[in-house]
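Because only heavy atoms are used, hydrogens play no part in the values below, and waters and symmetry mates are left out as well, while side chains stay in.
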Amino acid sequence: MIKKITFSAILLFTSLSFAQLGPVGHLTIFSEDGDRFTLILNGEVINDVPQTNLRVEDLNQPYYNAKIRFEDKTLMDITKNNLMLTDVDGIFSDVTYKIKRDKNNKTKMKLNYFSSIPVRPDFIPPSNVHVIHYGQPRPAVVVPVQQPVVGVTQTTTTTTTQAGGAAMGVGVSVGGVNMGITINDSMGGGAVTQTTTTTTTVGGGHVADHIEPVRGCNGRSCMTAGNFNAALATIKKQSFEDTRLKTAKQVITANCLNVDQIMQIANTFNFEDNKLEFAKYAYDYCIEPRNYFKLNGIFSFSSNVDELSDYVQSRQ
C-alpha cells in the first residue's frame, strides 16, 4: 500500500511540474538577404541588438501589431498589424515569417508568411537563430554532470521509516528541482527501507565534470536516410541552379545533417560559387563540425578551400 501511495504521489508532482501555465505560440522572423533588424511587438522592443534571424517564444496573444526597424537606415520600416500566431481553428502555432526586398524598390521591405508548424515543447532552434523568451522567461539551467574516475569510492544510503499512523517523507527531484512530499498513512503497520549504492574504482584520481564530445546543431540528430534521400531527390529535380540552392537551404533550415549529407547536396551544384555558399550556410546545421574539413575535397580551386576554412575558423 505504501509503494502504491508513493508512486502515485511522484506521478502527480511530476505532472504538475511539467504542466504549461497556458497555451502559447512562437514567432520566428528571418531576413532573406541577411539584413539586421529590431522587432517591436505591441510597442515593446523585443531585441536590443539587431538580428538577422530572430525567434520569440511564449507569446500568449493570438495577434500582435508588429514593427520592424532595420540597422541599415536606408531601408524602410515594416509595419504589420494583426500578425497571426494561431491557425484557422484558433490553436497557437510555431509561425515563421520572411523578410524580403521589393522587386521594384530595393529600399522597400516586405514581411511575408513563410511556414507554420504545431507548437512542440521539445523543439530545439538551430544555432544560428537568436532566441528570446517573451513574458515569463525560462532561464536555462546548466547542471554539471559528475562521474567517478580512477580512485574514487562513492556510497549513497537512503533510509525511510514509517510507523503505524505516522507520516512518510518522500524526496522527488524533477528537472533539477527538489520537492518534499509528505504522505499520511492510516493503514497502520510499520516498515523500514534502506537502500545502499556503492561505486568503487581502482587506482588514484579525482572526481571531475563529465565532458561530452562537441556536437553541432544543438546536439540534435541528423536526418534519417529516407528523409534525406527524398529531400536530395527534390533538390536534384530543380532545373535552375539558383532554385536548387534556395531549395537546399530551405531543406536544411529545419533539419540537421552530417558531413556526408552536406557533401552530397553540395555536389548537386555545377558552379563552385554555389558550392561555397551552400557549404558556409550548412555549417550551423552540421552535427559534426570537427569533420567539416572533408568538404575541402568538393572544390577544384584552392581559393575556395581557403575561404571555407577561414569561415569555419571564424565560427569556432
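By the 6.0 Å contact criterion, CZ on Phe123 is enclosed, its count of non-hydrogen atoms from other residues, nucleotides or ligands being greater than 12. Within 6.0 Å of CZ on Arg69 lie no more than 12 heavy atoms contributed by other residues, nucleotides or ligands. Counted within 6.0 Å of NZ on Lys249, heavy atoms from surrounding residues, nucleotides or ligands total more than 12; the atom is thus considered enclosed.
Scanning all heavy atoms of the two residues, the minimum distance from Asn105 to Met76 falls at ND2-SD, 4.5 Å. The minimum heavy-atom distance linking Ser31 with Phe37 is given by the pair N-CE2, 4.3 Å. Taking all atoms of both residues into account, the shortest heavy-atom contact from Met109 to Leu75 is SD-CD2, 4.0 Å. Across every non-hydrogen atom of Val24 and Asp58, the tightest pair is CB-CA, 3.8 Å. Closest approach of Tyr97 and Leu27 over heavy atoms only: CD1-CD1, 3.5 Å. The shortest heavy-atom contact between Met223 and Ala231 is CE-CB, 4.1 Å.
Side-chain contact check for Thr86 versus Ile91: every heavy-atom pair is 4.5 Å or farther apart. Under the 4.5 Å side-chain criterion, counting only non-hydrogen atoms from C-beta, Lys110 is not in contact with Ile78. Counting heavy atoms from C-beta on, the side chains of Leu39 and Ile132 never come closer than 4.5 Å. Using a 4.5 Å heavy-atom cutoff, the side chains of Phe70 and Ile99 are in contact. For the pair Lys67/Thr38, no side-chain contact is recorded, criterion being any heavy-atom separation below 4.5 Å from C-beta on. Side-chain contact between Asn296 and Ser309: present, with at least one pair of heavy atoms (C-beta onward) separated by less than 4.5 Å. Side-chain contact between Ser221 and Ile287 is absent, with no heavy atoms from C-beta onward closer than 4.5 Å.
With no hydrogens or angles considered, no side-chain donor-acceptor pair links Asn81 and Tyr63 at under 3.5 Å.
Expressed to the nearest 0.5 Å, how far CD of Glu307 lies from CG of Leu276 amounts to 4.5 Å. The CD1 atom of Ile40 sits 9.0 Å away from the OG1 atom of Thr79 when rounded to the nearest 0.5 Å. With rounding to the nearest 0.5 angstrom, the CD atom of Glu241 is 7.5 Å from the OG1 atom of Thr268. Of the inter-residue distances, the one linking Ile235 atom CD1 with Ile265 atom CD1 reads 4.0 Å to the nearest 0.5 angstrom. One distance of note links OH of Tyr283 with CG of Leu257; it measures 14.5 Å at 0.5 Å rounding. Note that CZ of Arg36 and CD of Glu71 are 6.0 Å apart. Values are rounded to the nearest 0.5 Å.
Under the 4.5 Å side-chain contact rule for hydrophobic residues, Val56 and Leu111 share a cluster. Hydrophobic clustering places Ile46 together with Leu85 (ILVMFWY residues linked when any side-chain heavy atoms are closer than 4.5 Å, directly or through intermediates). One hydrophobic cluster holds both Leu54 and Met84 under the rule that ILVMFWY side chains link at heavy-atom gaps under 4.5 Å. At a threshold of 4.5 Å between side-chain heavy atoms, the hydrophobic network of Ile, Leu, Val, Met, Phe, Trp and Tyr places Val259 and Leu308 in one connected group. Both Leu295 and Val305 sit in one connected hydrophobic cluster of ILVMFWY residues. Membership requires side-chain heavy atoms under 4.5 Å apart, directly or through other members.
Looking at Asp72, its side chain never comes within 3.5 Å of a backbone N or O of Thr107 through a donor-acceptor pair. Glu57 contributes no side-chain N or O that, together with a main-chain N or O of Val131, makes up a donor-acceptor pair within less than 3.5 Å. Checking side-chain atoms of Gln261 against main-chain N and O of Asn258 turns up a donor-acceptor pair under 3.5 Å. No donor-acceptor pair closer than 3.5 Å links the side chain of Gln61 to the backbone N or O of Leu59. No donor-acceptor pair closer than 3.5 Å links the side chain of Asn274 to the backbone N or O of Asn270.
Among Phe299, Phe269, Tyr285, the one residue that satisfies the ring pair (Phe, Tyr, Trp, His ring centres under 6.0 Å) test with Phe278 is Phe269. Exactly one residue among Lys98, Arg101, Lys106 makes a salt bridge (charged side-chain N to carboxylate O under 4.0 Å, His left out) with Asp35. That residue is Arg101. A side-chain hydrogen bond (donor to acceptor under 3.5 Å, both in side chains) with Asp94 holds for exactly one of His26, Arg120, Arg55; it is Arg55.
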- Message: Please determine whether side-chain contact (heavy atoms from CB on, under 4.5 Å) holds for the pair Ile252 and Tyr281, giving the CA-CA distance in whole Å, both sets of side-chain angles, and the decisive distance to 0.1 Å.
- Response: CA-CA 9 Å; Ile252 68 170; Tyr281 187 87; 3.5 Å; yes
- Stepwise disulfide (SG to SG under 2.5 Å) check, Cys256 with Cys217: CA-CA 6 Å; Cys256 296; Cys217 206; 1.9 Å; yes
- Item | Evaluation steps, side-chain contact (heavy atoms from CB on, under 4.5 Å), between Tyr292 and Ile262 | CA-CA 9 Å; Tyr292 220 68; Ile262 294 174; 3.9 Å; yes
- Query: Between Asn104 and Asp102, does a side-chain contact (heavy atoms from CB on, under 4.5 Å) hold up when you go through it step by step?
  - Reply: CA-CA 5 Å; Asn104 300 320; Asp102 189 284; 3.4 Å; yes
- Task: Could you go through the side-chain contact (heavy atoms from CB on, under 4.5 Å) check for Asn65 and Asn82 one step at a time?
- Result: CA-CA 5 Å; Asn65 290 337; Asn82 297 323; 4.1 Å; yes
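Screening residues 74-84 for salt bridge (Lys or Arg N to Asp or Glu O under 4.0 Å) gives no qualifying pairs among residues at least two apart or on separate chains.
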